[in-house]
Amino acid sequence: MAKVLFLQRDGYESFGVMYLAAALAARGHGADVLVESQEKASFYDKARALRPDVVAFSLMTGLEGWAAQAASRVKAVWNGPVVAGGPHATFFPEFVAEPGLDAVCRGEAEDALPEFVDALAGGGDGARVPGFWVKAASGLAKNDLYPLRADLDSLPLPDRGFYRRRYPELVEGGGVEVLAARGCPFSCSFCYNHVLRRLYAGKGRYVRRHGHDRLLEEIARERRERPGGVRYVGFVDDLFIQDRDWLEGFLARYRAEIGLPFTCAVRANLVDAELVRELAASGCKVVSFGLESGDERLRNEVLGKKISEEQILRTAELLSAHGIRFSTFNMFNLPGETLALAEKTLALNLRLGPANHPWSGLLQPYRGTRVFDHIVERGLASGEAMQAGLFHQAVLRQPDTEALTAFNACFYWMVRLPRWRRPLFWLARHGGGLAERFFGLAASLHRYVRLMEPLEGGNPWLSALRLGWRRLQAYL
């Protein structure tokens with residue numbers, strides 16, 4: 001038996017890590033986690049004191065700088081293997097060159113990571129395990145991805161006690177997140193789905209879905225075991241509604257066997273009156289969908305959404321008519337975007353009505369995506385100059401980038417308080433980074449509360465303030 005210690009910067013339950021902890025346990029290995037925001041100054045001392053056999057990171061792009069530094073600090077006091085996985089390692093396997101890393105894992109890791117740990121426990125270096133790039137004695141070993149697990153129901157249930165055993169304070173609120181399916185069939189230019197499909201070509205069906213029995217069992221078990229119970233369910237699939245036959249059967253059983261309010265993601269060109277009636281009747285209270293840009297050329301030609309303004313308006317109308325709150329996703333600083341085009345995004349969101357509580361961010365053109373290639377091919381920026389990070393950081397530099405950054409910072413409030421949009425924008429633009437961060441934090445809190453009200457019941461401000469305090473600590 002080996003023990004894998006996952007290191008994490010921010011305080012939240014990582015869905016992927018809970019799946020990996022369960023997969024390791026199924027092979028006889030143990031797993032633990034340390035969160036830097038919770039441990040603060042004792043983070044590295046505790047990592048060493050736990051004496052793990054393997055240290056692991058599961059990373060989104062934007063956290064790779066922190067992970068590289070953390071890996072080097074761990075290596076300075078502990079000589080075991082350090083590995084990284086998650087989206088960043090999948091799309092940027094050259095991250096393995098960082099001095100503190102010994103290997104990276106690409107793609108889904110429920111099979112690959114336990115096999116790698118098996119190899120290490122047996123005295124090997126894991127250099128032949130599918131999915132891994134490994135710094136071996138003979139040089140860098142580069143293995144192809146592990147084939148996709150065809151039957152998602154054959155995976156162990158995620159270890160939902162993984163975080164609450166060490167950090168019960170992170171498991172607050174009454175919601176449980178559930179992944180009903182993996183993969184998205186669409187090819188938006190800013191997303192990695194088309195890249196993943198290419199990486200997995202010939203390695204199994206890309207879009208897969210859990211069976212009704214397995215999914216309902218997962219929800220029911222967490223409802224029994226979660227301290228304080230479960231008050232709502234969040235289906236975190238890229239697109240919950242893509243298989244209508246599966247959905248119809250599942251919702252019928254969900255109403256009868258679970259009966260809790262839930263959230264999900266939809267796509268405006270797949271929404272119709274019958275679907276919204278069925279969602280509402282089954283307890284759907286909050287929905288999210290991508291709007292991205294109010295300019296049709298940017299939305300459909302540059303971003304590849306293939307969704308019309310009429311479909312967006314119709315979706316909002318149907319959701320509002322059935323009492324379902326929703327959150328649109330919006331992006332700014334798109335290639336060729338001006339402040340005037342950003343105003344079209346604001347105008348379209350305003351037309352969606354008071355049920356809309358939008359999210360917004362600045363475009364992160366990830367290497368390998370079509371929007372990245374679009375920018376490079378048109379000479380808007382060099383590939384080396386675009387280092388994508390988090391959504392409040394501008395990557396592409398354009399004439400209106402500073403104005404678009406300020407516009408993004410106060411966008412939520414301009415939608416919610418349209419009469420104040422001009423002074424809000426002026427404050428964001430002239431108040432510097434502190435004003436932008438204030439607007440962002442305040443928007444996160446308000447948006448959270450308004451979207452949680454129909455799910456949590458009562459007053460969700462307490463959990464919102466805890467969430468806000470954690471985010472404020474991250475800002476500081």
Side-chain angles (χ1 to χ4, degrees), residues 12-15 18-19 22 152-153 155 157-164 168-182 209-266 271 274-289 318-327 355 357 447-464 466-467:
Y12 66 95
E13 293 180 283
S14 170
F15 211 48
M18 291 190 289
Y19 265 101
L152 289 185
D153 288 354
L155 290 169
L157 289 167
D159 181 0
R160 295 189 175 275
F162 185 66
Y163 286 90
R164 64 178 174 241
E169 67 274 15
L170 293 184
V171 188
E172 62 182 31
V176 57
E177 291 187 341
V178 178
L179 188 66
R182 297 188 183 187
R209 189 170 296 277
H210 280 297
H212 298 164
D213 289 341
R214 156 61 186 258
L215 202 57
L216 293 165
E217 175 194 357
E218 183 177 343
I219 298 168
R221 189 182 76 167
E222 183 64 3
R223 198 175 185 180
R224 292 191 303 269
E225 298 179 0
R226 187 183 181 97
V230 172
R231 293 190 292 277
Y232 69 93
V233 176
F235 293 104
V236 295
D237 308 36
D238 289 337
L239 183 56
F240 184 59
I241 64 169
Q242 59 180 289
D243 186 333
R244 293 287 285 269
D245 290 338
W246 179 94
L247 184 66
E248 181 179 348
F250 176 75
L251 290 179
R253 291 190 58 185
Y254 181 88
R255 285 196 299 271
E257 299 176 35
I258 305 296
L260 292 173
F262 68 90
T263 74
C264 66
V266 303
V271 171
E274 181 182 356
L275 171 71
V276 176
R277 280 196 300 270
E278 188 72 10
L279 289 173
S282 302
C284 182
K285 300 297 183 183
V286 178
V287 153
S288 60
F289 63 92
L318 289 169
L319 294 171
S320 299
H322 286 83
I324 299 176
R325 295 187 189 184
F326 57 90
S327 178
H357 296 77
R447 179 175 176 269
Y448 176 88
V449 169
R450 295 294 289 155
L451 293 177
M452 287 299 104
E453 281 173 343
L455 298 166
E456 288 274 15
N459 188 349
W461 270 107
L462 184 59
S463 59
R466 291 196 190 104
L467 175 70

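Using cut-offs of 30° and 60° on the angle between ring planes, the pair Phe235 and Phe240 is parallel.
Judged by the 6.0 Å and 45° rule, Arg160 forms no cation-pi pair with Tyr19.
With rounding to the nearest 0.5 Å, the separation of CD in Glu218 from CG in Leu216 is 10.0 Å. Rounding to the nearest 0.5 Å places NE2 of His357 at 14.5 Å from OH of Tyr448. From Phe162, atom CZ reaches atom CD of Glu13 across 11.0 Å, with rounding to the nearest 0.5 Å. In this structure, Asp213 CG and Phe250 CZ are separated by 10.5 Å, a value rounded to the nearest 0.5 Å. Rounding to the nearest 0.5 Å places OG of Ser282 at 10.0 Å from CD of Glu248. Taking CD of Glu278 as the start and CD1 of Ile241 as the end, the distance is 12.5 Å to the nearest 0.5 Å.
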Would you check, one step at a time, whether the test ring pair (Phe, Tyr, Trp, His ring centres under 6.0 Å) holds for Tyr232 with Phe262? CA-CA 5 Å; Tyr232 69 93; Phe262 68 90; over 10 Å; no
Evaluate the side chain to side chain contact (heavy atoms under 4.5 Å, CB included) criterion for residues Phe326 and Leu451: first the C-alpha distance (whole Å), next the side-chain angles of each, then the deciding distance (0.1 Å), finally the verdict. CA-CA 8 Å; Phe326 57 90; Leu451 293 177; over 6 Å; no
Candidate pair Leu157 and Glu217, rule side chain to side chain contact (heavy atoms under 4.5 Å, CB included), full reasoning: CA-CA 9 Å; Leu157 289 167; Glu217 175 194 357; 3.9 Å; yes
Checking side chain to side chain contact (heavy atoms under 4.5 Å, CB included) for the pair Val178/Val236: CA distance, chi angles, key distance, verdict? CA-CA 6 Å; Val178 178; Val236 295; over 6 Å; no
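Using modelled atom types, one side-chain atom of His212 and one backbone atom of Trp246 make a donor-acceptor pair closer than 3.5 Å. Of the possible donor and acceptor atoms, none in the side chain of Arg214 sits under 3.5 Å from a partner among the backbone N and O of Ala180. Not one N or O on the side chain of Arg182 forms a donor-acceptor pair closer than 3.5 Å with the backbone of Leu152. Asp237 places no side-chain N or O within 3.5 Å of a backbone atom of Leu239 that could act as its donor or acceptor partner. The backbone N or O of Gly211 sits less than 3.5 Å from a side-chain atom of Asp153, completing a donor-acceptor pair. Put simply, the side chain of Thr263 never gets that close to the backbone of Val286: no donor and acceptor are under 3.5 Å apart. Remark: side-chain polar atoms of Arg325 are paired, donor with acceptor, to backbone N or O of Arg450 under 3.5 angstrom. Tyr163 places no side-chain N or O within donor-acceptor distance of the main-chain N or O of Glu169, the cut-off being under 3.5 Å.
In summary, of the residues considered (Leu215, Ile219, Leu455), a side chain to side chain contact (heavy atoms under 4.5 Å, CB included) with Val233 occurs for Ile219 alone.
Between Arg231 and Glu222 there is no salt bridge, since no side-chain nitrogen of the basic residue lies less than 4.0 Å from a carboxylate oxygen of the acidic one.
Smallest separation of non-hydrogen atoms from Arg255 and Ala281: CD-O, 3.3 Å. Closest heavy-atom contact between Arg223 and Val230: CA-CG2, 3.7 Å. Across every non-hydrogen atom of Leu279 and Val266, the tightest pair is CD1-CG1, 4.4 Å. Closest of all the heavy-atom pairs between Lys285 and Pro261 is CG-CB, 3.6 Å. Scanning all heavy atoms of the two residues, the minimum distance from Gly174 to Glu456 falls at N-OE2, 3.0 Å. In terms of heavy-atom proximity, Ser320 sits nearest to Ala355 at OG-CB, 3.7 Å.
Residue-environment remark: CD (Glu274) stays at or below the threshold of 12 foreign heavy atoms within 6.0 Å.
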